[in-house]
Amino acid sequence: MRVQRLSIVICSYQQAPYLRETLESVTRQRDVSKDELEILVMDGGSTDGSVDIIREFEPHLNYWTSEPDRGQTHALRKGFERATGDVLGWLCSDDLIEPGTARQVLDVFNTNAACRFCYGNTNWIDPAGKVLVRRKEIPFNWFIWRYSHDYIPQPSSFWQASLYHEVGGLDESFNLAMDADLFARFAEKTHPVHVDSFWSRMRTYPQQKTQRMRAQSREEFRVISGRHGAHVHNPAARWAGYAAAKALRCSWKLAKGCYWQ
């Protein structure tokens, strides 16, 4: 089946300082028609001027709402329920996708019939948008993922809608590591395909949700990795696995030249 449309859900709450740049990165995608790219914005009832920004982009959006929700994961679930694309992805309202990403993603799925879930590389940026680190990734490896960390960059990840529905979608019990949980369930059904292209820019700053709630994020990932075979209840085995996974990941990235960008 030929992929006809990519749906990107943008989740946002009180992110007016970054929202315009995020929306510009999606609405100004190169080499895709309006029919090929569906954009849905799910705002959680922001009161910081975000709604005025969203309204400016309304002609380029397929759907948007600003209403209270049960949190980020709930907002994303609502967005994916409305999405009509063959391929799905999401973007937080402080991150960006690179120019041409939508076209490249559609082409990946159309040239690789076996691909159901893929991810690219990402650039880490500061609040002003300056690139801090170019994060070139390695192919998916269960052992490294379980014991090191979820190294699949969420804004550079895309999957078939049929796969999302097959695994039951996002789990609202996770507030921070909902992407890791979803990607692990994807990986149980299909092998994640790494595409060696930079598809997104992830903003990092002290007020960022994951930075502010790092302890909870780590605990959520501990639960998830335990579900998928990590020895989370045996500290010695856990640390031995972490050391081995980190060594393997670093040597793999070194061999691939990931540290020289």
Side-chain angles (χ1 to χ4, degrees), residues 89-90 92 95 98 101 104-105 108-109 112 114-125 131-160 163 167 170-171 174 176-204 208-211 213-261:
W90 91 71
C92 296
D95 297 332
E98 297 285 5
T101 293
Q104 291 180 36
V105 170
V108 165
F109 283 94
N112 184 352
C115 178
R116 302 190 72 195
F117 172 40
C118 66
Y119 64 97
N121 305 320
T122 190
N123 290 302
W124 284 6
I125 61 174
V131 175
L132 301 173
V133 181
R134 285 174 63 79
R135 297 279 295 190
K136 187 174 183 180
E137 281 307 339
I138 58 174
F140 181 76
N141 177 278
W142 264 118
F143 177 74
I144 295 174
W145 189 94
R146 286 187 190 104
Y147 284 101
S148 177
H149 67 286
D150 174 26
Y151 60 87
I152 299 175
Q154 173 267 308
S156 292
S157 303
F158 301 90
W159 53 87
Q160 288 186 359
L163 177 62
V167 303
L170 287 160
D171 184 345
F174 295 106
L176 293 149
M178 74 290 277
D179 53 338
D181 171 64
L182 184 67
F183 297 164
R185 285 182 283 129
F186 285 167
E188 288 186 322
K189 299 290 185 179
T190 185
H191 186 74
V193 175
H194 174 236
V195 179
D196 197 9
S197 296
F198 285 86
W199 280 348
S200 70
R201 298 191 176 204
M202 297 178 67
R203 204 178 302 268
T204 178
Q208 182 190 31
K209 181 181 176 183
T210 305
Q211 297 286 343
M213 305 171 73
R214 185 176 294 276
Q216 182 181 339
S217 178
R218 287 174 174 167
E219 175 58 22
E220 287 188 6
F221 185 71
R222 187 191 70 82
V223 171
I224 294 163
S225 61
R227 288 180 179 178
H228 297 278
H231 296 289
V232 297
H233 301 298
N234 183 326
R238 176 68 180 174
W239 279 105
Y242 171 77
K246 187 174 180 63
L248 178 58
R249 173 172 163 77
C250 290
S251 61
W252 197 342
K253 293 192 76 169
L254 188 66
K256 283 195 64 180
C258 296
Y259 297 118
W260 294 276
Q261 300 297 319

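Atom set for the values below is all heavy atoms of this structure, side chains included, hydrogens, waters and symmetry mates excluded.
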> Which class fits the ring pair Y147 and F143: parallel under 30°, tilted 30 to 60°, perpendicular over 60°?
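Taking F143 first and then Y147, their aromatic rings sit tilted (interplane angle of 30° to 60°).
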
> Does NZ or CZ of R116 fall inside the cone over F186's six-membered ring, less than 6.0 Å from its centre and within 45° of the axis?
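No, a cation-pi geometry is absent between R116 and F186.
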
> Any side-chain heavy atom of H194 within less than 4.5 Å of one from F140?
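SC-SC contact between H194 and F140 ruled out.
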
> Check whether the side chains of N121 and W199 place a donor and an acceptor atom closer than 3.5 Å, and report yes or no.
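N121 vs W199: no donor-acceptor pair found between side chains.
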
> Considering non-hydrogen atoms only, spot the tightest contact between C250 and Y259 and give its length.
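Scanning both residues, the minimum pair turns out to be CA-OH, 3.5 Å.
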
> Do the non-hydrogen side-chain atoms of T190 and W159 ever get within less than 4.5 Å of each other?
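T190 vs W159: side chains apart.
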
> I need the minimum non-hydrogen distance between C118 and V108, along with the two atoms involved.
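That closest heavy-atom pairing would be SG-CG1, 4.2 Å.
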
> If you measure from CG on L248 to CD1 on I138, what distance do you get to the nearest 0.5 Å?
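Going from the CG atom of L248 to the CD1 atom of I138 covers 6.5 Å.
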
> Before giving the answer on side chain to side chain contact (heavy atoms under 4.5 Å, CB included), spell out for R222 and H233 the whole-Å C-alpha distance, their side-chain angles and the decisive distance to 0.1 Å.
CA-CA 10 Å; R222 187 191 70 82; H233 301 298; 4.0 Å; yes

> If only atom types and distance count, is the side chain of S217 paired as donor or acceptor with the main-chain N or O of M213 below 3.5 Å?
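Such a contact is absent between S217 side chain and M213 backbone.
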
> Taking everything shown except K246 itself, do over 12 heavy atoms lie less than 6.0 Å from its NZ?
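Open: at most 12 neighbouring heavy atoms sit under 6.0 Å from NZ of K246.
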
> Using modelled atom types only, decide if a donor and an acceptor are shared between the side chain of Q160 and the backbone of C115 within a distance under 3.5 Å.
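Checking the backbone N and O of C115 against the side chain of Q160, a donor-acceptor pair under 3.5 Å is found.
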
> Assign the ring pair Y119 / Y151 to parallel, tilted or perpendicular, where the plane angle (0 to 90°) is split at 30° and 60°.
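Plane angle over 60°, so perpendicular.
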
> Measure from the side-chain N and O atoms of R185 to the backbone N and O of V167, and report whether any donor-acceptor pair falls under 3.5 Å.
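Yes; at least one donor-acceptor contact below 3.5 Å.
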
> Is there a side-chain contact between F183 and P192, using heavy atoms and a 4.5 Å cut-off?
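No, every pair of side-chain atoms sits at 4.5 Å or beyond.
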
> Where do F158 and G89 come nearest, in terms of heavy atoms and distance?
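The answer is CD2-CA, 3.9 Å.
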
> Would you name the heavy atoms of L170 and M178 that are closest together and state the gap between them?
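Closest approach of L170 to M178: CD2-O, 3.6 Å.
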
> Any non-hydrogen side-chain atom of W252 less than 4.5 Å from a side-chain atom of C258?
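Sidechains of C258 and W252: no contact.
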
> Write down the atom of H231, the atom of A237, and the distance for their closest heavy-atom approach.
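Taking every non-hydrogen atom into account, CB-CB, 3.8 Å.
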
> What distance do D95 atom CG and T204 atom OG1 have between them, rounded to the nearest 0.5 Å?
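Answer rounded to 0.5 Å: 10.0 Å.
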
> What is the distance from atom NE2 of H191 to atom CG of N141, rounded to the nearest 0.5 Å?
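Atom-to-atom, H191:NE2 and N141:CG are 8.5 Å apart.
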
> Compare all side-chain heavy atoms of R249 with those of E137 and state whether any distance is below 4.5 angstrom.
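Result yes, sub-4.5 Å side-chain heavy-atom pair found.
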
> Tell me whether the rings of H228 and W145 are parallel (<30°), tilted (30 to 60°) or perpendicular (>60°).
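Geometry flag for W145 against H228: perpendicular rings.
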
> Begin from the C-alpha positions of K136 and D196 and carry the test side chain to side chain contact (heavy atoms under 4.5 Å, CB included) through to its verdict.
CA-CA 7 Å; K136 187 174 183 180; D196 197 9; 3.0 Å; yes

> Please check this pair: side chain of Q154 against backbone of W90, looking for a donor-acceptor N/O pair closer than 3.5 Å.
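Answer holds: yes.
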
> Could you tell me whether a side-chain N or O of E220 sits under 3.5 Å from a main-chain N or O of L176, the two making a donor and an acceptor?
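Checked: pair present.
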
> Do other residues, nucleotides or ligands put more than 12 heavy atoms under 6.0 Å from the CH2 atom of W142?
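Yes, enclosed.
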
> What's the shortest heavy-atom distance between M202 and P155, and which atoms?
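Where M202 meets P155 most closely, the heavy atoms are CG-CG, 3.3 Å.
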
> So how far is it from I224 CD1 to D179 CG, rounded to the nearest 0.5 Å?
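Rounded to the nearest 0.5 Å, the CD1-CG separation comes to 8.0 Å.
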
> Do R201 and V131 have side-chain heavy atoms sitting under 4.5 Å apart?
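SC-SC contact between R201 and V131 confirmed.
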
> Answer yes or no: is there a donor N or O on one side and an acceptor on the other, between the side chain of T122 and the main chain of S200, under 3.5 Å?
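Checked: pair present.
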
